[in-house]
Amino acid sequence: MLDSDDTLAVKAQRTGFNPVLTAQPRTIFDVMSNLAREMDAINLGQGFPDQDGSADVRAFAAESLMKDSNQYPPSLGLAELRLAVADHYRRFHGLDLDGMTEVVVTSGATEALAAAIFGLITPGDEVVMFQPLYDAYLPLVKMAGGVPRFVRLEPPHWKITAQALDKAFSPKTKLVLFNNPLNPSAIVYDADELKLLAEACVKNDVIAVCDEVWEHLVYDGRKHIPLMALPGMRERTVKIGSAGKIFSLTGWKIGFVCAAPPLAAAVAKAHAFMTFTTPPNLQRAVAYGMAKDDSYFAPMRAGFQRSRDRLAAGLKAEGFAILPSQGTYFLLLDLEASGIDADDWTFSQRAVKEAGVATIPVSAFYAQDPITTVVRLCFCKQDATLDAGIERLARARKLL
Ligand code: PMP
């Protein structure tokens, strides 16, 4: 029998391997999804849709698997995908990218982040990050020898202020790592806040790595604004996207990096020594998908928005207070405002073990000084799952 993840973690600690990783707890998504399986719970924790994405994109991949080459594609990615990514962002976000010199295909956004961090920083460089932060950011920065500097964001608006940026940036800052729309806060930053960040980057001569994997999942008529489009940012932004999110195919792990040629080349070099490339048939299918227009994207967004509204309405009817969800797959439950006298960890543990519903405690997204009054729920699930989740959350509430 294979060791469980826990046994492996203990062994890693005992044998004194990479201290950055041995000090790192297992990811919260793994912890909660394993508990959900163990308890046969409804999983509103980890962010993945319970229905597979675009059937035509999958059919394209299946056909390509049989009729096209399955051998190593170029390390930068297939030209047809790089051109399709550039064309996609031209049509949707008005960006003017050269697909051949400014787009690199990676194994998901996670590898794109790793390649950007390893490709761009020198040990000792400071990296500004916003808390709550996606779980891969901090270990990647530390493994690359970067020194983290945090900007702490708070519910309900998760506002970025000029003062907070001023405090975090220093002459040693090389990079800022920014996620918009923001997971787990479900906030879509508007032009005014992006402008503050862009001004700080220009003033301090800093590169922005902007994780925009949720760019198409924005609701209520909102528009995603890429940080790269702001004045002074075209040459200093590394924009990261993920086909997994765009087509609800999270297991595919096809990501893209878009950046001016010198930055793209540095990221491409790191990518070449990490994974080198990513499956050609999935790249072909994603190229096909990226050519879609709003007749795909508008209903896709509307479907997620409907699920968000169903979960929100059900929770409100049970007396829960929720925070505004402007984008992503997520909705936040405000425990404090709901009158629940428990921190997010206690609530999440008891909810999965005693009421059969998995959630994610938002404090897991903080490296220091955590917010402990909010849990994250994933709404990209079928109606029956959402309804059962609401009922079980109501049950969890009665336990506390
Ligand atoms: N960044 C953020 C903010 C995410 O939410 C996710 C996925 N949940 C990723 C990166 C990872 O994307 P991928 O699966 O393409 O590696």
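Both ligands and their constituent atoms are indexed starting at 1 by order of listing.
- Just one residue in the list T110, T275, T278 forms a side-chain hydrogen bond (donor to acceptor under 3.5 Å, both in side chains) with K253, and that residue is T110.
- Qualifying ring pair (Phe, Tyr, Trp, His ring centres under 6.0 Å) partners for F178, counting only residues two or more places apart in sequence or in other chains: F130, Y189.
- Note on V147 and L175: separate hydrophobic clusters, where clusters join Ile, Leu, Val, Met, Phe, Trp and Tyr whose side-chain heavy atoms are under 4.5 Å apart, directly or indirectly.
- The hydrophobic cluster around V188 extends to V218, counting ILVMFWY residues whose side-chain heavy atoms fall within less than 4.5 Å of a member.
- L315 has its side chain out of reach of E318: every pair of non-hydrogen atoms, C-beta onward, lies at least 4.5 Å apart.
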Under 3.5 Å, sequence neighbours excluded: what are the donor-acceptor pairs made by side chains of residues 241-248?
residue: S242; atom: OG; partner: G244; partner atom: N; Å: 3.2

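- Protein residues having at least one heavy atom under 4.0 Å from any atom of ligand 1 are G108, A109, T110, Y134, N179, N183, D211, V213, W214, S242, K245, K253, listed by chain and number.
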